[in-house]
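What follows is a single structure, written as structure tokens, with notes after it.
Computed over heavy atoms, backbone and side chain alike; hydrogens, waters and symmetry mates excluded. Small disclaimer: the values here were computed from a predicted structure and weren't measured.
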Amino acid sequence: MTAQLPSFQRYQLAFTARLRDTKNAPPLAGVPHERMAVYEEIVFNNLFESVSACFPIASKIIGKRKWLKLNQAFMRDYSAHSPLFRKIPEQFLAYLNNPSQELKQLIPEYLNSLCHYEWVELLVSGIEETNPQDFQPNGDLATQKPVFSPTIQLLDYDYAVHKITPRKKPQHKASTQLLVYRSADDMVKFIELNAVTYKLISLLLKEAITGKQALTLLAEELQHPQPERMIEFGLSLLEDLRSQGAIIGKH
């Protein structure tokens with residue numbers, strides 16, 4: 001099939017194959033090694049720097065040698081679905097989610113979750129804010145539906161990703177819920193949630209109900225012995241989220 005292509009396209013395919021896999025793809029005929037090496041270095045370094053900048057903790061967790069090898073495999077094996085340079089870290093995540101046998105041997109089980117957690121900061125920083133038309137910044141969250149920041153991301157992981165460091169690697173799974181959003185001063189904020197608060201926010205994001213209605217449903221589901229106290233506490237929690245900018249008003 002390749003042989004039927006025009007010569008310039010065959011050259012392009014050979015050129016890009018060499019860029020992707022300098023160890024195994026044959027050198028281009030008539031191209032000096034030194035010149036080709038310049039292209040190989042520039043292209044890989046651009047990709048490597050983009051990925052490493054988004055995942056600083058992950059890169060330190062697995063070490064320089066494995067991180068380099070992982071990026072080389074990404075460069076060689078993955079076909080990106082976006083031409084945008086900013087999308088490279090997202091494409092890297094997609095690559096991690098479909099690991100080859102080689103990849104499985106390189107990375108710890110928790111690395112996918114850690115990388116997703118690190119990537120979310122980039123995602124949230126770039127979301128365009130569009131507030132609802134019937135949005136009002138002030139009002140009673142108990143009797144109205146709370147409006148969350150349009151940048152909000154509700155995350156659920158099997159590991160405590162926000163606590164992972166090169167010196168503190170997880171030894172076991174730990175269910176972890178986080179709320180991420182961009183504040184009014186354009187700072188990306190992370191809030192650790194407990195399981196009940198995570199359920200409450202999930203319910204408010206999915207259903208057209210007031211704060212008190214959501215808390216009442218949650219108290220019934222949990223069979224709370226003192227539902228009124230839970231509702232009171234939950235409403236104060238919603239107000240706290242408003243003070244932090246995660247909730248921006250009401251419908």
Report task. Of all the heavy-atom pairs spanning Ser202 and Leu154, show the shortest one and how long it is. Result -> OG-CD2, 3.1 Å
Report task. Check step by step if ring pair (Phe, Tyr, Trp, His ring centres under 6.0 Å) holds for Tyr181 and Phe190. Result -> CA-CA 7 Å; Tyr181 65 100; Phe190 292 80; 9.1 Å; no
Drop me the distance from [X]'s [atom1] to [Y]'s [atom2], to the nearest 0.5 angstrom.
| X | Y | atom1 | atom2 | result |
| --- | --- | --- | --- | --- |
| Leu84 | Gln91 | CG | CD | 9.5 Å |
| Leu241 | Leu193 | CG | CG | 7.5 Å |
| Leu205 | Ile152 | CG | CD1 | 5.0 Å |
| Met75 | Arg20 | CE | CZ | 7.0 Å |

Flag side-chain contact, heavy atom, 4.5 Å: [X] against [Y]:
| X | Y | value |
| --- | --- | --- |
| Tyr110 | Ile164 | yes |
| Leu68 | Phe44 | yes |
| Asp158 | Ser175 | no |
| Ile127 | Gln153 | yes |
| Tyr117 | Tyr157 | yes |
| Lys66 | Ile107 | no |
| Phe74 | Ile88 | yes |
| Leu70 | Leu96 | yes |

Query raised in the report: Any salt bridge between Lys87 and Glu90, counting N to O under 4.0 Å?
Result: yes
**Report entry** Cluster check Phe85, Leu123: I/L/V/M/F/W/Y, side chain < 4.5 angstrom
**Finding:** yes
Report summary line: Residues at least two apart in sequence or cross-chain that pass side chain to side chain donor-acceptor pair (under 3.5 Å) with Tyr39, listed by chain then number, are none
Report task. Please name all residues satisfying side chain to side chain donor-acceptor pair (under 3.5 Å) with Glu221, sequence neighbours left out, ordered by chain then number. Result ->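 Applying side chain to side chain donor-acceptor pair (under 3.5 Å) to Glu221 gives Lys199.
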Report task. Assign the ring pair His81 / Tyr78 to parallel, tilted or perpendicular, where the plane angle (0 to 90°) is split at 30° and 60°. Result ->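 Taking Tyr78 first and then His81, their aromatic rings stand perpendicular (interplane angle over 60°).
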Query - Side-chain donor or acceptor of Lys189 paired with backbone N/O of Ala246 under 3.5 Å - result: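 Absent.
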Query raised in the report: Can you tell me if Asn98 uses its side chain to pair, donor with acceptor, with the backbone of Ala94 under 3.5 Å?
Result: yes
Query raised in the report: If you look only at pairs with a residue in residues 47-58, which of them pass as a side-chain hydrogen bond (donor to acceptor under 3.5 Å, both in side chains), with sequence neighbours excluded?
Result: Ser52-Trp67
